[in-house]
Visitor: 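Let me begin by handing over the structure; questions about it come next.
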Amino acid sequence: MKKVLPSGKRDADFFEQVYQVVRAIPKGRVSSYGAIAKFLGTGMSARTVGWAMNAAHGLADVPAHRVVNRNGMLSGKMHFGTPTEMETRLKAEKIKVVDDQVQDFDKKFWDPALADW
DNA sequence: CACTTGACTTATT
DNA sequence: TAATAAGCCAAGT
């Protein structure tokens, strides 16, 4: 893993901090941009996490489909190859998706701060 | 270097 | 409860 940056400071590798968390999301679970941003600390915002996802969509080991917004809505589905890819991937992991929203989101939600790293 | 844009979130009306 | 505003921060223009 890359070095952990001092609080409030960032560099070009800040994407990897996001990737590390996203990769750690257990199969069949989801998380949110805000939760990841909060976990990573000061200087990070939900928008920044979203930007990191945008840059991560090419990496096979970064399951961006498991990251949704605070309401459990698939806000990033249109950024995949096809608008249905995100939903399809989630369903493949037994995550129910109806009308672009994760069902039982509060149960599927995975908080990085509660992980046993 | 200033302004705009966007896979967000929270507070206010 | 729904619509709007404001705060947020990196990258692109």
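Since the model is a prediction, treat every value here as computed from it, not as a measurement.
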Visitor: Can I get a per-line list of side-chain donor-acceptor pairs under 3.5 Å for residues 98-112 of chain A, giving both atom names and the distance, sequence neighbours left out?
Guide:
residue	atom	partner	partner atom	Å
A:Asp100	OD1	A:Lys77	NZ	2.9
A:Gln103	NE2	A:Gln101	O	3.2
A:Asp111	OD1	A:Ala113	N	3.0

Visitor: For residues A:Phe15 and A:Val62: do they belong to one hydrophobic cluster (side chain heavy atoms under 4.5 Å, members Ile, Leu, Val, Met, Phe, Trp, Tyr)?
Guide: yes
Visitor: Let me have the donor-acceptor pairs involving side chains of residues 63-72 of chain A, under 3.5 Å, with sequence neighbours excluded, atom names and distances please.
Guide:
residue	atom	partner	partner atom	Å
A:His65	NE2	A:Glu93	OE2	3.0
A:Arg66	NE	A:Glu93	OE1	2.8
A:Arg66	NE	A:Glu93	OE2	3.2
A:Arg66	NH1	A:Ile25	O	2.9
A:Arg66	NH2	A:Glu93	OE1	3.4
A:Arg66	NH2	A:Glu93	OE2	2.8
A:Asn69	OD1	A:Asn71	N	3.1
A:Asn69	OD1	A:Gly72	N	3.2
A:Asn69	OD1	A:Met73	N	2.9

Visitor: Near DNA chain B, which residues from residues 76-89 of chain A have a heavy atom under 4.0 Å away?
Guide: A:Gly76, A:His79, A:Phe80
Visitor: Scan for salt bridge (charged side-chain N to carboxylate O under 4.0 Å, His left out) pairs involving residues 19-32 of chain A, sequence neighbours excluded, and state none if there are none.
Guide: A:Arg23-A:Asp61
Visitor: Enter the distance from A:Ser45:OG to A:Leu40:CG here, rounded to the nearest 0.5 Å.
Guide: 11.0 Å
Visitor: What are the atom names and distances for every N/O pair under 3.5 Å that joins the protein to nucleotides 9-11 of chain B?
Guide:
residue	atom	partner	partner atom	Å
B:dT9	OP1	A:Gly34	N	3.4
B:dT9	OP1	A:Arg70	N	3.1
B:dT9	OP2	A:Arg70	N	2.7

Visitor: Both atom distances under 3.5 Å, Watson-Crick or G-U wobble: I'd like the secondary structure of DNA chain B as a dot-bracket string, with | for pairs made across strands.
Guide: .|||||.||||||
Visitor: Within the 4.5 Å heavy-atom criterion, are A:Met53 and A:His57 side-chain neighbours or not?
Guide: no
Visitor: Give, ordered by number, those residues of residues 54-64 of chain A having at least one heavy-atom distance below 4.0 Å to an atom of DNA chain B; if nothing qualifies, reply none.
Guide: A:Asn54, A:His57, A:Ala64
Visitor: Which residues pass the side-chain hydrogen bond (donor to acceptor under 3.5 Å, both in side chains) test with A:Lys96, not counting sequence neighbours?
Guide: none
Visitor: Who are the side-chain contact (heavy atoms from CB on, under 4.5 Å) partners of A:Ala92, not counting sequence neighbours?
Guide: none
Visitor: If we only count heavy atoms from C-beta on, is the A:Met44 to A:Val18 side-chain gap below 4.5 Å?
Guide: yes
Visitor: Which pair of non-hydrogen atoms, one from A:Ala56 and one from A:Tyr19, has the smallest distance, and what is that distance?
Guide: CB-CE2, 3.1 Å
Visitor: Who pairs with A:Phe39 by ring pair (Phe, Tyr, Trp, His ring centres under 6.0 Å), at least two apart in sequence or on another chain?
Guide: A:Trp117
Visitor: When you compare B:dA7 with C:dA3, how far apart are their C1' atoms, in angstrom units rounded to a whole number?
Guide: 22 Å
Visitor: Excluding sequence neighbours, so at least two apart, what forms side-chain hydrogen bond (donor to acceptor under 3.5 Å, both in side chains) with A:Ser75?
Guide: none
Visitor: How many whole angstroms separate atom CE of A:Met44 from atom C1' of C:dC8?
Guide: 12 Å
Visitor: Mind checking side-chain contact (heavy atoms from CB on, under 4.5 Å) for A:Thr88 and listing every partner two or more places apart, or none if nothing turns up?
Guide: A:Thr84
